[in-house]
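Everything below concerns the one structure shown next.
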Amino acid sequence: MPELPEVETIVRALQNGGRGSPPLIGRVLQGAELRWQRSLAAPQPDAFLEKIRLQPVKAVARRGKFILIHLNQATLLIHLRMSGDLRLEPATDETGSPVPPAAHDRVIFHFTDGWRLAFNDPRKFGRVWLADDPQAVLNGLGPEPLDESLTAEEFHRRLSRFQRQLKPLLLDQSFIAGLGNIYTDEALHLAGLHPLTPSHLLSSEDAARLLNAIRTVLQEGIRRNGASIDWVYRGGSFQNHFRAYGRSGQPCPECGTPIARRIIGQRSTHFCPACQPLKVAPAGGNSSTS
DNA sequence: AGCATTACCCGCACGC
DNA sequence: TGCGTGCGGGTAATGC
């Protein structure tokens, strides 16, 4: 269920407590149960289990949509993909009897204090890595959208570098890290840009407006603890404030025109045909004759 | 050749 | 029951 704001919400809960759970920091790993082998991307199960044993959690962080759990010697990386979630909870109830795993718990980390971190993932798309150097897994990710060091000028240069449709480009994690289907549609609507606009046609003003829109929707998503949609409820409330996503046929909040929906880049895409007109390539230009 | 787009795949649950 | 859909992303094929 994660895009950047949902992952950030989970990370903050593991850092400071929240979402009904205490902090993760400081607990010491005892071991792990691999209930679905393919949820572990690397290394092999035996090496994985041996290396996490008695490792303390020193810090929790996020990069793009990845959750980073820094241990003493290595880093656990978790990607929730479409349906993953994490639960930190006691492994036993008040009477001391073990609490059975939930349906779809794929990996369960056990701590020496009797607590456990369950990686729950109905669709089995999520993955867990253990890496000496997290950069080896994260390599290829584009810039963090909320990082101030990404300037409007640099963003414009990056957009100009490709001739790609905005929607698939913003979904490409090597272009910018953390956006998914919801926040991309929301940002394009807020910026007034058609999802099919070729990226190199954006003016520097367009680019600045788009970067601001991306930051605005991500920050609002974080402020509302993410969005909770489909059957997986996580406590966020951003779904009650969507401008375009999931609102096909309903009035655009800006102009009242019905929101359109079409498939772009294999993903359902929602936009206002009036507020987000398609920018066209300048007429004239190349002649094909020799 | 090289980039951009499209097709397909991967489990599962839910609504119609 | 059957079918369409989905907060993601990798690989392969096709197109320009």
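Per chain, numbering begins at 1; letters A, B, ... match sequence-line order. Note that the structure is predicted; figures quoted are calculated from it, not measured.
- Checked against the 6.0 Å centroid criterion, the rings of A/Phe271 and A/His194 qualify as a close aromatic pair.
- When rounded to the nearest whole Å, the span between CZ of A/Phe175 and P of B/dT5 equals 13 Å.
- Residue A/Gln266 is in base contact, counting any heavy-atom pair closer than 4.0 Å across all strands shown.
- One finds a side-chain N or O of A/Lys65 lying less than 4.0 angstrom from the OP1 or OP2 phosphate oxygen of C/dG8.
- A/Met82 places its CE atom 10 Å from the P atom of C/dG9, with the value rounded to the nearest Å.
- Considering only heavy atoms from C-beta on, A/Glu254 comes within 4.5 Å of A/His189 through its side chain.
- Atom pair A/Glu6:CD and C/dG6:P shows a separation of 16 Å (rounding to whole Å applied).
- If you check every strand for non-hydrogen atoms under 4.0 Å, A/Arg123 touches a base.
- Stacking is not found between A/Phe125 and the pyrimidine-like six-membered ring of the C/dG9 base under the 5.5 Å centre-distance and 30° plane-angle cut-offs.
- In terms of heavy atoms, A/Ile176 sits closest to A/Pro145 at CD1-CB, 3.7 Å.
- Using Watson-Crick or G-U wobble geometry with both donor-acceptor distances under 3.5 Å, B/dG11 finds no partner in any strand shown.
- Nucleic acid contact class of A/Ser268 (heavy atoms, under 4.0 Å, all strands): sugar-phosphate only.
- Residue-level contact check: A/Arg261 touches the backbone only, with heavy atoms under 4.0 Å from sugar-phosphate atoms and none from bases.
- Under the 6.0 Å distance and 45° angle rule, A/Arg116 does not count as a cation-pi partner of A/Phe111.
- The ring of A/Tyr183 has its center no closer than 6.0 angstrom to the ring center of A/Phe242.
- Atom NE2 in A/His104 sits about 8 Å away from atom P in B/dC12, given to the nearest Å.
- Remark: C1' of C/dG9 and CG of A/Leu169 are 15 Å apart, rounded to the nearest angstrom.
- The distance from atom CZ of A/Arg62 to atom CG of A/Leu14, rounded to the nearest 0.5 Å, is 13.5 Å.
- Atom CD1 of A/Ile229 is separated from atom C1' of B/dA13 by 13 Å (rounded to the nearest Å).
- Residues A/Trp36 and A/Pro168 each lie close to DNA chain B; by heavy-atom proximity, the contact nearer the 5' end of the strand is made by A/Pro168.
- The partner of C/dT1, taking Watson-Crick or G-U wobble pairs whose two distances both stay under 3.5 Å, does not exist in any strand shown.
- When the P atom is used for both C/dG9 and B/dA13, the distance is 22 Å, rounded to whole Å.
- The distance between atom CG of A/Leu170 and atom P of C/dG8, rounded to the nearest whole Å, is 13 Å.
- Nucleic acid contact class of A/Tyr183 (heavy atoms, under 4.0 Å, all strands): none.
- For A/Gln165, the side-chain atoms get nearest to B/dT5 when compared with the rest of C/dG8, B/dT5, B/dA4.
- Note: CD1 (A/Ile263) to C1' (C/dG4) measures 10 Å, nearest angstrom.
- Residue A/Gln173 places at least one side-chain N or O closer than 4.0 Å to OP1 or OP2 of C/dG9.
- Annotated as syn: B/dG11, whose glycosidic dihedral is within 90° of 0.
- For A/Lys124, whose side chain is taken as the heavy atoms from C-beta onward, the closest listed nucleotide among B/dA4, B/dC12, C/dG8 is B/dC12.
- Using a 4.0 Å heavy-atom cutoff across all strands shown, A/Arg38 reaches sugar-phosphate atoms only and no base atom.
- Nucleotides B/dA7 and C/dG4 place their P atoms 16 Å apart, quoted to the nearest Å.
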